[in-house]
Amino acid sequence: MRHLLLLLALAVSVITNAAPPVDTMTGIFSERVKTVQVLGPGGDIFAPPVVVLGAGDALDIEFDRLADDREYMRYRVLRCDADWQPSSLAESEYLDGFNESAIENYDFSRGTTVHYVHYGFQFPNADINPRLSGNYLIHCDPDDVVPEG
């Protein structure tokens, strides 16, 4: 079975391809993003972030963004090699669908002293579906300024 390993990187800053090697460090690059969770297939919090290609498995990716109102959030996927550097493959070689999707599942905080918006989406999904196994970075950005793979 082919497995797809995923690495979540919620980024509000841009990773540039200007000077190799590209920094693909995982992390949260905004003080306003909190409570990042990647749940394994079936919403299992203890399962590793691995899905079997073609099996219909999906990861639930959720995070909170400190804000009073919803921002238009999108995400892109970047396939990396074993050293977590961007793959030399074209997006059409490793993805079915377009490499950009809106995060449409969100909810506002209620009864809290700090206002936030809870975002969530599943990967893979009908919009973005990997063709090849490998390491994948997921970039989320409210400004929709994420580099091409």
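Throughout, residue positions are numbered sequentially from 1 according to the sequence presented.
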Residue pairs passing the salt bridge (charged side-chain N to carboxylate O under 4.0 Å, His left out) test where at least one lies in residues 103-117, sequence neighbours excluded
D107-R110
Using the side-chain hydrogen bond (donor to acceptor under 3.5 Å, both in side chains) criterion, which residues pair with D96? Sequence neighbours excluded.
R131
Name all residues meeting the salt bridge (Lys or Arg N to Asp or Glu O under 4.0 Å) criterion together with R32; count only those two or more places apart in sequence or in a different chain, and write none if there are none.
E71
Interatomic spacing from CG in D69 to NE2 in H115 - rounded to 0.5 Å
11.5 Å
Minimum heavy-atom distance L89-Y94, with the two atoms named
O-CE2, 3.6 Å
Joint hydrophobic cluster, L39 plus I128, side-chain heavy atoms closer than 4.5 Å
no
So, using side-chain hydrogen bond (donor to acceptor under 3.5 Å, both in side chains) as the criterion, who are the partners of D127 when residues are at least two apart?
S101
Between Y136 and C80, is any pair of side-chain heavy atoms under 4.5 Å apart?
no
side-chain contact (heavy atoms from CB on, under 4.5 Å) partners for D81, two or more places apart:
D83, Q85
Nearest non-hydrogen partners of R74 and A102, listed with the distance
NH1-CB, 3.5 Å
Checking one residue: V114. Which other hydrophobic residues are in its cluster under the side-chain 4.5 Å linking rule?
L66, Y116
Would you name the heavy atoms of F108 and R70 that are closest together and state the gap between them?
CE2-N, 3.6 Å
Quick one: closest heavy-atom pair of P130 and L95, and the distance?
CA-CD2, 3.8 Å
Between F46 and V38, is there shared hydrophobic-cluster membership here, with clusters defined by ILVMFWY side-chain heavy atoms closer than 4.5 Å?
no
Which residue pairs satisfy the side chain to side chain donor-acceptor pair (under 3.5 Å) criterion with at least one member in residues 49-61, sequence neighbours excluded?
D60-Q122
Test of understanding: with side-chain hydrogen bond (donor to acceptor under 3.5 Å, both in side chains), list the residues that count as partners of T112, not counting sequence neighbours.
S109
Specify whether F121 and Y75 have parallel, tilted or perpendicular ring planes, treating 30° as the upper limit for parallel and 60° as the lower limit for perpendicular.
parallel
Heavy-atom check, side chain of Y106 versus side chain of H118, under 4.5 Å
no
Closest approach of L59 to P41 (non-hydrogen atoms, all atoms of both residues):
CD2-CD, 3.9 Å
Any side-chain heavy-atom pair from F63 and M73 closer than 4.5 angstrom?
yes
Transitively linked via ILVMFWY side-chain contacts under 4.5 Å: V117 with I103?
yes
Could you list the residues that satisfy side-chain hydrogen bond (donor to acceptor under 3.5 Å, both in side chains) with N105, not counting sequence neighbours?
none
Specify the closest pair of heavy atoms between L132 and R79, including all atoms of both residues, with the distance to one decimal.
CB-NE, 4.0 Å
Side-chain donor or acceptor of N99 paired with backbone N/O of V77 under 3.5 Å:
yes
Roughly how far apart are L137 CG and R76 CZ, rounded to 0.5 Å?
12.5 Å
Check whether any side-chain heavy atom of I61 lies under 4.5 Å from a side-chain heavy atom of F123, and answer yes or no.
yes
